[in-house]
Each structure stands twice: as structure tokens, then as C-alpha cells.
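Beneath this line is the structure, given in C-alpha cells, with notes to follow.
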There are 2 protein chains.
Amino acid sequence: MRVDNKHSALITFGENLRNFRKEIGLSQEELALQADLDRAYVGGLERGERNPTIMSLLRIAKPLEVTVSELLEGVK
Amino acid sequence: MRVDNKHSALITFGENLRNFRKEIGLSQEELALQADLDRAYVGGLERGERNPTIMSLLRIAKPLEVTVSELLEGVK
DNA sequence: GTGTGACTCCAAGTCCGTC
DNA sequence: GGACGGACTTGGAGTCACA
């Protein structure tokens, strides 16, 4: 299920994710492939519609070459 | 269900959490109350047996007066 | 290349308890 | 105060088709 009531924390995380992804010049599709995730799932993360767990954050962080902590900078 | 195969990322997070909690001088029970979480759940987090979501991290971070990013420092 | 709704499956998170 | 377990409900993980 998607997060209907989008929380600002998830929006902020999604923006961070999108920024990091673009910096490295990947498409959602390419990132999804490298993170071994579905591209629709990655898209949902960027739009703040998902509330991922630490382990999911870890899978996303690795191909972006950032830490989980960096992905969550400014999240409150 | 509890996480049987404890991942090092979750162990690291659990240690961070325990350190922050003790610094502020709260019991697991008191923290759970302030975070509006179950006391058994907070214990499980500290032991690295749980894989929390961003929103759960946020609830824990608030009473500890730290950021989610700080809670996940060193997690990889 | 991305957004979105709908779906299944199983883990996140709750609530009770004992030691 | 903290570790741990059983049983339960909710919601995240993961996937697909189609726009």
C-alpha cells in the first residue's frame, strides 16, 4: 500500500534521493536495476509515497555511493 | 515477527539508539512512552532485532532530541 | 523514462504476558 | 529496568500493466 497522507519526512527523503540520483546521472530505471529493486518502487520513494525500512534505504544508498545517514539529511 | 538474521546495519543503529537514550537518562519504557511505541519494540530496536521504517525512526528521534540522520550515523 | 492503481505476501508494529 | 515470546492487525516489500 502506498502512503496516502504524505509525510514531510518522506517528501524530504524523496527529494534527497532524487538529487543524489541525478548527481550521479542515473535514471530511476538504472538505479532500480543496480539496487535490485523495482523501478516503480524507486519512483514511489522519490515521490514520498513509500515509508521504507533501514534495509531498503541501505540497498538504495549503495549504488548511489552515499550513506543512509546522508540520504536522510534534513529529514524531520 | 522479529528479525532472526541480525544485520550489522541494524546492530549499529541499535547501539546508536541505546547510547543516545542513556545520554538523556531515559529507560526503554520511558522512551517508548514518549515515542508512543511499545516498550518491547524499543528493546528489540536496541538489540538489532527490528528493521524500522523512516516514520518509526522519526518517532524515536524526537524525544531523544536528535535527527534521524544522527541515529543512523555509521550505519552501512 | 516516469507516474499510478491494484495486487499478494510477509514483515512492521501492537498487546498481552513471563522471567 | 530489561530480555524475550506468542498471537494478533496493519502496512511495507515487491511486482505488474498501462498510461
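Given the structure is predicted, the values throughout are model-derived calculations rather than measurements. Reminder, nothing fancy here: chain letters follow the sequence lines and each chain counts from 1.
The phosphate of D:dA13 (OP1 or OP2) has a side-chain N or O of A:Y41 nearer than 4.0 angstrom. In this model, the phosphate group of D:dG11 is not approached by any side-chain N or O of B:T53 to a distance below 4.0 Å at OP1 or OP2. Note on A:R59: a side-chain N or O is less than 4.0 Å away from OP1 or OP2 of D:dG14. Contact check, B:S56 against C:dG13: a side-chain N or O comes under 4.0 Å of OP1 or OP2.
Whole-Å rounding puts the A:E49 CD to C:dG5 P distance at 7 Å. If you take CZ of B:R18 and C1' of D:dG2, they are 8 Å apart, rounded to a whole angstrom. At whole-Å resolution of the value, CG in B:L58 and P in C:dA12 are 18 Å apart. Rounded to whole Å, the distance from CE on A:M55 to P on C:dC10 is 18 Å. As a whole-Å value, the separation of A:I54 CD1 from C:dA12 P is 10 Å. Computed from coordinates, the A:N51 CG to C:dA11 P distance equals 17 Å when rounded to whole Å. Rounded to whole Å, the distance from NZ on A:K22 to C1' on C:dG1 is 10 Å. Spacing between atom CG of B:L33 and atom P of C:dT14 amounts to 13 Å, rounded to whole angstrom units.
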Output one line per pair: protein atom, nucleotide atom from nucleotides 16-19 of chain C, and distance, for all N/O pairs under 3.5 Å.
from: C:dG17; atom 1: O6; to: B:R39; atom 2: NH1; distance (Å): 3.4
from: C:dG17; atom 1: O6; to: B:R39; atom 2: NH2; distance (Å): 3.2

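Checking C:dG13, D:dA3, C:dT2 against the side-chain heavy atoms of B:L37 singles out C:dG13 as nearest. When distances are taken from the side chain of B:R21 to each of C:dT2, D:dG12, D:dG2, the shortest belongs to D:dG2.
Each of B:L10, B:V42, B:L45 was checked for a side chain to side chain contact (heavy atoms under 4.5 Å, CB included) with B:R50, and the lone residue meeting it is B:L45.
D:dG1 makes up no base pair with any nucleotide shown, lacking Watson-Crick or G-U wobble contacts both under 3.5 Å.
At a cut-off of 3.5 angstrom, the base of D:dA13 holds at least one donor-acceptor pair with the side chain of A:R50.
You'll find the side chain of B:T67 stays beyond 4.5 Å of the side chain of A:L72, heavy atoms only. At a threshold of 4.5 Å between non-hydrogen side-chain atoms, the residues A:V68 and B:F13 do not count as touching. The shortest side-chain heavy-atom distance between B:K76 and A:K62 does not fall under the 4.5 Å cut-off.
Ranked by how close their nearest DNA chain D nucleotide is to the 5' end, B:Q28 and A:L45 are led by B:Q28.
Under a 3.5 Å cut-off, the side chain of B:N16 and the backbone N or O of B:E73 do form a donor-acceptor pair. In this structure a side-chain-to-backbone donor-acceptor pair under 3.5 Å is missing from A:R39 to A:Q28. Looking only at distances, a side-chain donor or acceptor of A:S69 sits under 3.5 Å from a matching main-chain atom of B:S69.
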